[in-house]
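Treat the numbers as computed from the prediction; the structure is a model and nothing was measured. We count ligands from 1, going down the list as the structure has it; atoms in each ligand are counted the same way. Basis for what follows: all heavy atoms, side chains included, without hydrogens, waters or symmetry-related copies. In this chain, numbering begins with 1 at the start of the sequence shown.
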Amino acid sequence: MNSEPRMLEVRKNVLKQNDVIARALRDRFRAQGTLAVSLVSSPGAGKTTFLEKTLTLLKPHFRVAALVGDLATENDALRLARSEVPVRQITTGTLCHLEAAMIEHALEDWNLGQLDALFVENVGNLVCPASYDLGEDLRMVLLSVTEGEDKPLKYPTIFNSADVAVITKIDLAAAVEFDERAANANIQAVRPGMQVFKVSAKTNEGMDDCLQFLADALTERLQKMTVLTMAQ
Ligand SMILES: Nc1nc2c(ncn2[C@@H]2O[C@H](COP(=O)(O)OP(=O)(O)OP(=O)(O)O)[C@@H](O)[C@H]2O)c(=O)[nH]1
Ligand SMILES: [Mg+2]
């Protein structure tokens, strides 16, 4: 017996169920005025380093928190917790991505009304996370200079499903002969018009622009919330 059609059906149902939960999460984030931002990239592209810096620098101005997904260990949550904001680790066991239900479960006892922004670091993987909506408002895809400029072409779906790209570890660009023009052209080839930031979370180069972008998105969300409250 050919099992392929059955497998496809199960996968379709899982994705459909994920979409239903993701939609409910998105509604919840909007209703509470929380901006949800997810980070996706290959393993080791610098998500946690970038996020720890982002949380630390946003914390004086906004109420921020983070969820972080990994197959195993609490390592990233411990690192992010150094920013002294609420952090929770989601361990996925054998799963190579986060699903909306895991976010929903992790937030069960959190009061979103007390958060301006929730950051979600996905499991390091350039394939699976692309298929799972987490209800986020903004998806950032990180690409480190050490990975090679061709990654957007090889993994177009993850770049297509993201809203902005962040080229990380630019302090190492010269050492690895990173071709910025080629990387940009490849990003634009798969996602025309995509906004691209270049940062080093080690030296802080480029972090200002990226943080300003996030602060603007946060301010816009808060203003919308104020207008909604006034209209009630
Ligand atoms: N030189 C340099 N190294 C960096 C930078 N950002 C991260 N790294 C290093 O890259 C390695 C991986 O960084 P992480 O932040 O753990 O990467 P990640 O994407 O969170 O990794 P996973 O969660 O395992 O997928 C660490 O050794 C970091 O110190 C950077 O801007 N410059
Ligand atoms: Mg990490």
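- Among the atoms of Thr48, an N, O or S atom is found under 2.8 Å from the Mg ion (ligand 2).
- Between the side chains of Asp171 and Thr203, no donor-acceptor pair of N or O atoms lies under 3.5 Å.
- For Asp19 and Lys16, the salt-bridge test fails: no basic side-chain N is under 4.0 Å from an acidic carboxylate O.
- For the residue pair Ser41 / Lys47, a side-chain donor-acceptor distance below 3.5 Å is found, with atom types taken as modelled.
- Side chain to side chain, Thr34 and Arg221 fail the donor-acceptor criterion of an N or O pair below 3.5 Å.
- Ligand 1 has a nitrogen or oxygen under 3.5 angstrom from a nitrogen or oxygen of Gly44.
- Here the shortest heavy-atom pairing between Leu80 and Glu52 reads CD2-N, 3.6 Å.
- For atom 7 (C) of ligand 1, a protein heavy-atom neighbour is present inside the 4.0 Å cut-off.
- With respect to Arg30 and Asp137, a salt bridge is recorded, a charged nitrogen being found less than 4.0 Å from a carboxylate O.
- Every atom of ligand 1 is numbered from 1 in the order shown, and the set under 4.0 Å from a heavy atom of Ser200 is 31 (O).
- With hydrogens left out, the protein atom closest to atom 11 (C) of ligand 1 is Lys169 NZ, 3.9 Å, a heavy atom.
- Listed by number with element, the atoms of ligand 1 under 4.0 Å from a non-hydrogen atom of Gly46 are 7 (C), 13 (O), 14 (P), 15 (O), 17 (O), 18 (P), 19 (O).
- On a distance-only criterion, Pro43 and ligand 1 share no N/O pair closer than 3.5 Å.
- Under the 3.5 Å distance criterion, with hydrogens and angles disregarded, a donor-acceptor pair is assigned to the side chains of Gln89 and Asp70.
- Where the criterion is an N or O separation shorter than 3.5 Å, residue side chain and backbone included, Thr48 meets it with respect to ligand 1.
- No donor-acceptor distance shorter than 3.5 angstrom exists from the side chain of Glu104 to the backbone of Leu25, with no hydrogens or angles considered.
- The minimum distance between the Mg ion (ligand 2) and any N, O or S atom of Asp76 involves atom OD2.
- Per-atom contact check: atom 1 (N) of ligand 1 touches the protein, criterion being a heavy-atom distance below 4.0 Å.
- In this structure, atom 32 (N) of ligand 1 lies nearest to the protein heavy atom Asp171 OD1, 2.8 Å.
- In the vicinity of Thr49, heavy-atom distances shorter than 4.0 Å reach the ligand 1 atoms 6 (N), 7 (C), 13 (O), 14 (P), 15 (O), 28 (C).
- Among all non-hydrogen protein atoms, the one lying nearest atom 16 (O) of ligand 1 is Arg79 NH1, 2.8 Å.
- Proximity of a side-chain donor or acceptor of Asp116 to a complementary backbone N or O of Phe62 within less than 3.5 Å is not detected.
- Under 3.5 Å, the side chains of Asp208 and Gln212 contain no donor-acceptor pair of N or O atoms.
- Remark: ligand 1 atoms within the under-4.0 Å shell around heavy atoms of Ala201 are 31 (O).
- Under a 4.0 Å criterion applied to the non-hydrogen atoms of Lys47, ligand 1 contributes the atoms 15 (O), 17 (O), 18 (P), 19 (O), 20 (O), 21 (O), 22 (P), 23 (O), 25 (O).
- Ligand 1 has no N or O atom lying under 3.5 Å from any N or O atom of Leu172, backbone or side chain.
- Taking any N or O of Val199, backbone or side chain, none lies under 3.5 Å from an N or O belonging to ligand 1.
- No part of Thr203 comes within 4.0 Å of ligand 1, judged by heavy-atom distances.
- Relative orientation of the His97 and Tyr132 rings is parallel, given thresholds of 30° and 60° on the angle between their planes.
- Ranking protein heavy atoms by distance to atom 4 (C) of ligand 1, first place goes to Lys202 CE, 3.6 Å.
- A donor-acceptor pair is defined here as one N or O able to donate and one able to accept, closer than 3.5 Å; no such pair exists between the side chain of Asn186 and the backbone of Pro152.
- Minimum-distance N/O/S atom of Glu121 relative to the Mg ion (ligand 2): OE2.
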